[in-house]
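The model shown is predicted, which means the values in this text are computed figures rather than measured ones.
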Amino acid sequence: MGVVLNLDGKRGAASVASLMDLTADEMARVNELILSKAGSDVELIPELAKHLIDSGGKRLRPMVTLAAAQMFEYEGEGHVKLATSVEFMHTATLLHDDVVDESDLRRGRKTARMIWGNQASVLVGDFLLGQAFRMMVEVGSLDALDILSTAASVIAEGEVLQLSVAKNLETTEDEYLAVIKAKTAALFSAAAEVGPVVAGATRNDRAALRSYGTNLGLAFQLVDDALDYGGKSSDLGKNVGDDFREGKVTLPVILSYRRGSPDERAFWKSAIEDNQCDDAALEKAIGLLHKHGAIGDTIGRARHFGEIARDALAPLRPTPQKDALLDVIDFCISRVT
């Protein structure tokens with residue numbers, strides 16, 4: 001079930017092809033390091049880690065780290081270790097998220113928790129976080145270590161904050177944005193900033209990439225929120241409607257609930273708070289979201305943050321890497337078409 005989301009005003013076909021081309025050689029080294037650092041004498045650890053690592057995904061965050069370091073003509077291997085650390089942090093977060101959310105599907109495959117159980121998923125996630133921090137220490141940059149360790153703390157805070165507002169339909173838009181800024185945008189921000197840090201860039205350059213990453217992450221998550229009610233499972237990496245079935249209060253729901261009639265708000269309370277979320281309820285929910293313009297306005301917010309990310313890079317000198325990072329913004333938004 002789903003609806004096709006068509007948007008006006010696109011800049012044209014968007015892709016991350018240029019980013020992938022620019023970082024191809026270094027990503028090959030990242031992938032080698034991922035396999036090496038996910039190894040362990042404890043058989044279950046590499047088996048479970050490999051399941052998630054092999055399950056797809058473009059590895060956007062580590063590519064952003066590599067491209068951001070290239071922008072400032074970095075020469076060395078530190079950015080490869082930092083990019084791998086970023087990917088391990090992201091992978092650990094996915095493992096933990098799937099346990100918290102009781103998710104069955106991740107990128108079209110069974111989640112690790114469905115195969116090996118919740119305990120193994122959490123513990124292997126912890127192992128990957130430990131490996132990520134070991135690599136950060138090996139790089140020897142206190143600033144990079146500070147940025148990524150702070151991001152790890154913020155992400156954990158975001159998870160707890162999300163639990164505190166779970167199934168709460170009185171959650172405000174500002175409160176929700178605070179959740180996704182911590183849960184999603186913090187790692188995008190750190191991934192973008194550690195590149196110029198290891199390259200010895202100026203504070204202004206670091207701030208530009210940090211702002212870019214934060215706002216790209218906000219846009220990315222808001223598009224995901226919209227896709228849950230109108231995308232395809234193959235694009236979304238999970239079942240369409242999973243957020244609804246899990247009782248997640250995302251921005252489209254917040255907007256529709258606040259704009260709805262008393263009867264409509266009663267429906268949302270029954271669906272989200274009382275778990276009355278079968279296929280018929282999902283169909284009704286999608287209808288209400290469109291009736292009140294909630295999906296379109298969520299995409300509008302995503303575009304807004306995308307433009308802030310674009311403006312953040314505007315003062316930087318022209319480079320192929322800058323162009324590629326700008327393409328990423330269009331790619332993230334284009335996923336809803």
*Treating Ile, Leu, Val, Met, Phe, Trp and Tyr as nodes and any side-chain heavy-atom pair under 4.5 angstrom as an edge, say whether L66 and V194 lie in one connected cluster.*
no

*Does a side chain donor of either K183 or Q221 reach within less than 3.5 Å of an acceptor in the other side chain?*
no

_Polar side chain donor-acceptor pair, H79 to E26, under 3.5 angstrom_ = yes

*Members other than V165 in its cluster, when Ile, Leu, Val, Met, Phe, Trp, Tyr link by side-chain heavy atoms under 4.5 Å?*
L161, V179

_Starting from V99 and following side-chain heavy-atom contacts under 4.5 Å between hydrophobic residues (I, L, V, M, F, W, Y), which residues can be reached?_
V122

*D225 bridged to R301 by N-O distance under 4.0 Å*: no

*Take F244 and I272, measure what side chain to side chain contact (heavy atoms under 4.5 Å, CB included) needs, and give me the verdict at the end.*
CA-CA 7 Å; F244 179 75; I272 300 296; 4.2 Å; yes

*Name all pairs fulfilling the salt bridge (charged side-chain N to carboxylate O under 4.0 Å, His left out) condition that reach into residues 316-325, sequence neighbours left out, sorted by first residue then second.*
E73-R317

*Would you mind listing the cluster partners of V154? Hydrophobic ones only (ILVMFWY), side-chain contacts under 4.5 Å, chaining allowed.*
none

*asked:* Could you work out, with ring-ring contact (aromatic ring centres under 6.0 Å, His included) as the rule, every residue matching W268, not counting sequence neighbours?
replied: none

_Starting from V139, can I reach L209 by hopping between I/L/V/M/F/W/Y residues whose side chains sit under 4.5 Å apart?_
no

*How is the hydrophobic cluster of V160 composed, in terms of its other members, when Ile, Leu, Val, Met, Phe, Trp and Tyr link through side-chain heavy atoms under 4.5 Å apart, directly or indirectly?*
none

*Sequence neighbours excluded, which residues qualify as ring-ring contact (aromatic ring centres under 6.0 Å, His included) partners of F267?*
none

Less than 3.5 Å apart, which donor and acceptor atoms pair up between the side chains of residues 31-48 and the rest of the protein, not counting sequence neighbours?
residue : atom : partner : partner atom : Å
N31     : OD1  : R59     : NH1          : 2.3
N31     : ND2  : M27     : O            : 3.2
S40     : OG   : V42     : N            : 3.0

*What residue pairs, at least two apart or across chains, pass salt bridge (charged side-chain N to carboxylate O under 4.0 Å, His left out) with a residue in residues 194-211?*
D143-R206, E193-R206, E193-R210

*Please name all residues satisfying ring-ring contact (aromatic ring centres under 6.0 Å, His included) with Y212, sequence neighbours left out, ordered by chain then number.*
none

*Inspect the contact between R335 and D224 and indicate whether a charged nitrogen and a carboxylate oxygen are less than 4.0 angstrom apart.*
yes

*Quick one: are E307 and N215 in side-chain contact, heavy atoms under 4.5 Å?*
no

*Flag the pair K181 and D174 as a salt bridge only when some basic side-chain nitrogen lies within less than 4.0 angstrom of an acidic carboxylate oxygen.*
no

*Taking 4.0 angstrom as the limit, do K167 and D274 come out as a salt bridge?*
no

*asked:* When you measure from the centre of the six-membered ring of F88, is the NZ or CZ of R134 closer than 6.0 Å and no more than 45° off the axis?
replied: no

Kindly list each side-chain donor-acceptor pair under 3.5 angstrom involving residues 17-24, sequence neighbours excluded, with atom names and distances?
residue : atom : partner : partner atom : Å
S18     : OG   : D327    : OD2          : 3.2
T23     : OG1  : L19     : O            : 2.8

*asked:* Per the ring-ring contact (aromatic ring centres under 6.0 Å, His included) rule, what does the pair list look like for residues 109-135, sequence neighbours excluded?
replied: H51-W116

